[in-house]
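Please read the structure below before turning to the comments.
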Amino acid sequence: MNRIDAAFARLKEKGGTALIPFLTVGDPDLRTTIEIIKTLEKAGADIVELGVPYSDPLADGPVIQRASERALKHRITLAHCMQAAADARSAGVELPFILFSYYNPVLQFGLDRFFEEVKAKDISGLIIPDLPIEEDGEVRSRAEAAGVHLIPLVAPTSNERIARIAGNARGFVYCVSSLGVTGVRSDFHRDIDQFLASVKQAANVPIAIGFGISTREQVERFSAWCDGVVVGSALVRQIEEAIPQLTSEAEREQGLARIGEFIRELKG
């Protein structure tokens with residue numbers, strides 16, 4: 001069974017909601033990324049999104065853009081990100097990994113080689129935000145052959161496309177909470193509950209919500225509708241603020257503890 005399916009199955013038995021943190025691989029460096037992933041698992045995360053740094057991140061707000069810039073200064077590539085998953089696994093991490101990448105790095109890497117590496121590195125899911133369902137046929141078929149879930153994004157403006165996107169989903173459906181780019185928010189789309197109900201009705205897999213989730217109160221609010229909650233910018237900001245500690249041998253553990261406490265608070 002795919003690790004993502006197993007994680008949601010375990011949570012369903014317990015009546016729980018998956019906490020799915022997102023981080024940018026290589027921010028502030030690869031070694032620290034592995035330590036952060038270990039910290040996330042210990043703090044109660046259920047699935048981790050590994051963000052591939054990209055120079056033109058259309059869906060990402062300023063916090064994740066800055067993280068990408070920091071990682072790219074270290075010349076972090078798609079290959080490094082996939083290796084990070086393997087290194088975390090070697091360090092004992094059991095969490096499912098989702099690779100979040102724009103399509104251009106994947107295409108340049110080569111689809112044959114890419115899916116060989118994804119499978120070899122024990123990556124369970126893919127999110128490619130700029131690959132619409134109308135154009136994802138080849139990637140989807142290759143993903144299914146590799147036993148990897150291509151996870152779709154669906155937005156409140158998807159309207160008549162919701163049924164098609166959710167009905168064909170694997171792993172889970174990623175529901176975008178708001179219009180625009182990622183970033184911490186206090187307000188969400190005015191019809192968000194109706195939107196989530198429509199997706200849930202159309203989907204044969206769990207649904208998760210992301211874009212703007214940053215507090216325990218928001219996690220609880222969306223747990224009434226969703227099987228999972230993605231936390232991205234809020235965590236990446238925690239990492240950004242902890243960089244002075246994370247890059248200091250003497251204070252590294254304090255920085256990691258700060259990140260762990262943030263995740264524990266979200267998990268509740």
Side-chain angles (χ1 to χ4, degrees), residues 1-23 37 39-51 59 64 85 93-100 123-129 143 148-156 158 162 165-178 182-185 188-189 192-236 238 262-268:
M1 178 184 287
N2 184 292
R3 286 179 186 263
I4 294 172
D5 300 333
F8 277 111
R10 287 194 298 270
L11 285 163
K12 186 175 182 180
E13 289 180 0
K14 300 176 183 177
T17 303
L19 181 63
I20 309 172
F22 167 100
L23 57 82
I37 294 170
T39 299
L40 297 177
E41 182 173 58
K42 290 177 183 177
D46 299 289
I47 300 169
V48 172
E49 278 188 46
L50 303 176
I64 295 177
V93 174
E94 295 293 331
L95 288 175
F97 295 129
I98 297 171
L99 191 70
F100 182 108
I123 293 168
S124 301
L126 303 172
I127 295 176
I128 306 177
V148 177
H149 292 325
L150 180 62
I151 296 160
L153 274 70
V154 60
S158 296
I162 288 176
I165 294 171
N168 291 328
R170 298 290 184 271
F172 64 91
V173 182
Y174 189 134
C175 301
V176 176
S177 70
S178 313
T182 59
V184 173
R185 288 179 172 83
F188 299 93
H189 193 273
I192 188 67
D193 290 342
Q194 181 180 344
F195 162 62
L196 293 173
S198 298
V199 178
K200 200 168 187 67
Q201 183 177 14
N204 298 312
V205 293
I207 72 170
I209 189 166
F211 280 49
I213 314 298
S214 62
T215 67
R216 176 60 194 166
E217 290 74 22
Q218 290 171 344
V219 171
E220 290 177 347
R221 182 249 193 276
F222 286 116
S223 292
W225 288 102
C226 299
D227 307 288
V229 177
V230 180
V231 178
S233 293
L235 173 59
V236 175
Q238 290 285 329
F262 176 67
I263 295 299
R264 277 189 288 273
E265 181 179 336
L266 291 174
K267 189 69 177 176

### Query
Can you name the residues that form a salt bridge (charged side-chain N to carboxylate O under 4.0 Å, His left out) with Arg170, not counting sequence neighbours?
Glu144
### Query
Taking all non-hydrogen atoms of both residues, which atom of Ala85 and which atom of Phe97 are closest, and how far apart?
O-CE1, 3.4 Å
### Query
Considering only heavy atoms from C-beta outward, does the side chain of Lys267 approach that of Asp46 to under 4.5 Å?
yes
#### Entry: Any side-chain heavy-atom pair of Leu235 and Leu40 under 4.5 Å
yes
### Query
Closest heavy-atom contact between Phe195 and Ala155?
CE1-O, 3.2 Å
### Query
Could you state the interatomic distance from CZ (Phe100) to CD1 (Ile128), rounded to the nearest 0.5 Å?
10.0 Å
### Query
Is there a side-chain contact between Leu11 and Asp227 (heavy atoms, below 4.5 Å)?
no
### Query
Ser214 and Ala234: which non-hydrogen atoms are nearest, and at how many Å?
CB-CB, 3.6 Å
### Query
Heavy-atom distance under 4.5 Å between the side chains of Val229 and Ile20, does that happen here?
no
### Task
Kindly give the heavy-atom pair with the smallest separation between Ile207 and Cys175, and that separation in Å.
CB-SG, 4.2 Å
### Query
Judged by atom type as modelled, is there a donor-acceptor pair below 3.5 Å linking the side chain of Ser177 to the main-chain atoms of Phe211?
yes
### Residues in salt bridge (charged side-chain N to carboxylate O under 4.0 Å, His left out) contact with Glu265, at least two apart in sequence or another chain
none
### Task
Could you walk me through whether Ile98 and Val48 pass the side-chain contact (heavy atoms from CB on, under 4.5 Å) test, one step at a time?
CA-CA 6 Å; Ile98 297 171; Val48 172; over 6 Å; no
### Donor-acceptor pair, side chain of Thr17 and main chain of Gly228, under 3.5 angstrom
no
### Task
Could you tell me whether Arg216 and Glu220 make a salt bridge, using a distance below 4.0 angstrom between a side-chain N and a carboxylate O?
yes
### Task
With sequence neighbours left out, write down each residue that passes side chain to side chain donor-acceptor pair (under 3.5 Å) with Asn168, or none if nothing qualifies.
none
### Query
Between CD1 of Ile192 and CH2 of Trp225, what distance do you get to the nearest 0.5 Å?
10.5 Å
### Closest approach of Ile165 to Ser158 (non-hydrogen atoms, all atoms of both residues)
CD1-OG, 4.4 Å
### Distance (rounded to the nearest 0.5 Å) between Glu49 CD and Leu126 CG
11.0 Å
### Summary
Heavy-atom nearest pair, Gly232 first then Phe22, reads CA-CB, 3.7 Å
### Query
With sequence neighbours left out, what residues match Ser198 under side chain to side chain donor-acceptor pair (under 3.5 Å)?
none
#### Entry: Approximate separation, where rounding is to 0.5 Å, of Phe222 CZ and Ile213 CD1
4.5 Å
### Task
Please round to the nearest 0.5 Å and tell me the distance separating atom CG of Leu95 and atom CD1 of Ile4.
11.0 Å
### Separation of Ile209 CD1 from Arg221 CZ (nearest 0.5 Å)
7.5 Å
### Query
Got a sec, which residues hit side-chain contact (heavy atoms from CB on, under 4.5 Å) with Ala7, two or more places apart in sequence or on another chain?
Arg10, Ile47, Pro96
### Task
Apply side-chain contact (heavy atoms from CB on, under 4.5 Å) to Leu50 and Ile37, showing your working.
CA-CA 9 Å; Leu50 303 176; Ile37 294 170; 3.7 Å; yes
### Heavy-atom check, side chain of Val148 versus side chain of Leu99, under 4.5 Å
no
### Message
My understanding is that only residues two or more places apart in sequence, or in another chain, count here; which of them pass salt bridge (charged side-chain N to carboxylate O under 4.0 Å, His left out) with Asp5?
### Response
none
